[in-house]
Q: 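Have a look at this one.
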Amino acid sequence: MLALAVVICESGPTETQEGSLPSTRVSAEAEAGELLVPEDPSPWQAEARFMVTNADELMELLEVSGVAGRPHPPQLSTLVSADLLFEDGDITGETWLTRPDLTRMLHHALPELRGQINAWDAFARALEDAGQATRLIVWFIR
């Protein structure tokens with residue numbers, strides 16, 4: 001049984017910049033979820049943290065929607081990297097989502113999670129309307 005799910009919305013560059021990766025590309029040199037060295041700061045910034053207490057339901061929804069188990073992108077925001085590094089519980093079920101993934105999830109979600117998914121989408125849409133790329137970084141704690 002999972003204790004909690006953490007969902008963090010990150011914003012970042014809309015185009016590839018020197019030394020950065022867009023949300024959908026992964027460098028062969030970088031490992032998923034790799035912590036970055038200070039001279040190579042991530043272009044991604046954590047914007048909001050959402051906690052989901054019914055983590056088992058969210059994990060099932062991710063699996064049914066076909067978006068579970070995606071390794072975290074190699075460049076994570078400093079806050080996400082620190083959270084993962086210093087988490088006391090066992091981390092499992094890492095994945096990341098885009099707004100189209102949220103739409104796919106809505107078709108399978110129980111009413112209790114639909115409101116949260118709509119809130120994540122609205123938050124990400126507001127950042128995208130301001131010209132930023134977005135993604136949601138997800139992990140579960142046992």
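Not measured: the values here are computed from a predicted model.
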Q: Kindly say whether Pro71 contributes a backbone atom to a donor-acceptor pair with the side chain of Trp96 at under 3.5 angstrom?
A: yes
Q: Given side-chain contact (heavy atoms from CB on, under 4.5 Å), test Val6 with Met51 step by step and report yes or no.
A: CA-CA 5 Å; Val6 178; Met51 309 301 271; 3.9 Å; yes
Q: State which residues pass side-chain contact (heavy atoms from CB on, under 4.5 Å) with Ala5; sequence neighbours excluded, sorted by chain then number.
A: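 Applying side-chain contact (heavy atoms from CB on, under 4.5 Å) to Ala5 gives Val52, Ala55, Leu58, Phe140.
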Q: Measure across Ile141 and Gly89 and return the closest heavy-atom pair with its distance rounded to 0.1 Å.
A: CG2-CA, 3.8 Å
Q: Looking only at heavy atoms, what is the nearest atom pair of Ser11 and Leu127, with distance?
A: CB-CD1, 4.1 Å
Q: Look up atom CH2 in Trp139 and atom CG in Leu4, then write down how far apart they are to the nearest 0.5 Å.
A: 10.0 Å
Q: Which atom pairs, donor and acceptor, lie under 3.5 Å between side-chain atoms of residues 106-120 and protein residues at least two apart or in another chain?
A:
residue : atom : partner : partner atom : Å
Arg114  : NE   : Ala109  : O            : 3.1
Arg114  : NH2  : Ala109  : O            : 2.8
Asn118  : ND2  : Arg114  : O            : 3.2

Q: Out of curiosity, Asn54 CG to Leu61 CG, how far, rounded to the nearest 0.5 Å?
A: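 Rounded to the nearest 0.5 Å, the CG-CG separation comes out at 10.5 Å.
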Q: Following the transitive rule for hydrophobic clusters with a side-chain heavy-atom cut-off under 4.5 Å over Ile, Leu, Val, Met, Phe, Trp and Tyr, establish whether Val67 and Val138 coincide in one cluster.
A: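 Linked within one cluster.
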Q: Grab the two heavy atoms, one from Ala46 and one from Leu79, that are nearest each other, plus how far apart they are.
A: CB-CD2, 3.5 Å
Q: Using the salt bridge (charged side-chain N to carboxylate O under 4.0 Å, His left out) rule, collect all pairs that involve residues 97-107, keeping only residues at least two apart or in two chains.
A: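 The answer is Arg70-Asp101, Arg99-Asp121, Arg99-Glu128, Asp101-Arg104.
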Q: With sequence neighbours excluded, tell me which residues meet side-chain hydrogen bond (donor to acceptor under 3.5 Å, both in side chains) with Thr95.
A: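 Residues passing side-chain hydrogen bond (donor to acceptor under 3.5 Å, both in side chains) with Thr95: none at all.
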Q: How many angstroms lie between atom CZ of Arg142 and atom CG of Leu2, to the nearest 0.5 angstrom?
A: 5.0 Å
Q: With side-chain contact (heavy atoms from CB on, under 4.5 Å) as the test, would you mind laying out the steps for His72 and Leu84 before giving the verdict?
A: CA-CA 11 Å; His72 285 162; Leu84 288 166; 3.8 Å; yes
Q: Is there any salt bridge (charged side-chain N to carboxylate O under 4.0 Å, His left out) pair reaching into residues 44-67, and which pairs are they, with sequence neighbours excluded?
A: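 Listed by first then second residue: Arg49-Asp83.
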Q: Just jot down the side-chain contact (heavy atoms from CB on, under 4.5 Å) partners of Ala48, sequence neighbours excluded, or say none.
A: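 Listed in chain order: Phe50, Phe123.
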Q: What pair of heavy atoms forms the shortest contact from Ala133 to Pro13, and how long is it?
A: CB-O, 3.3 Å
Q: Which pair of heavy atoms, one from Leu76 and one from Ile137, lies closest together, and at what distance?
A: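 For Leu76 and Ile137, the tightest heavy-atom pair comes out as CD2-CD1, 3.8 Å.
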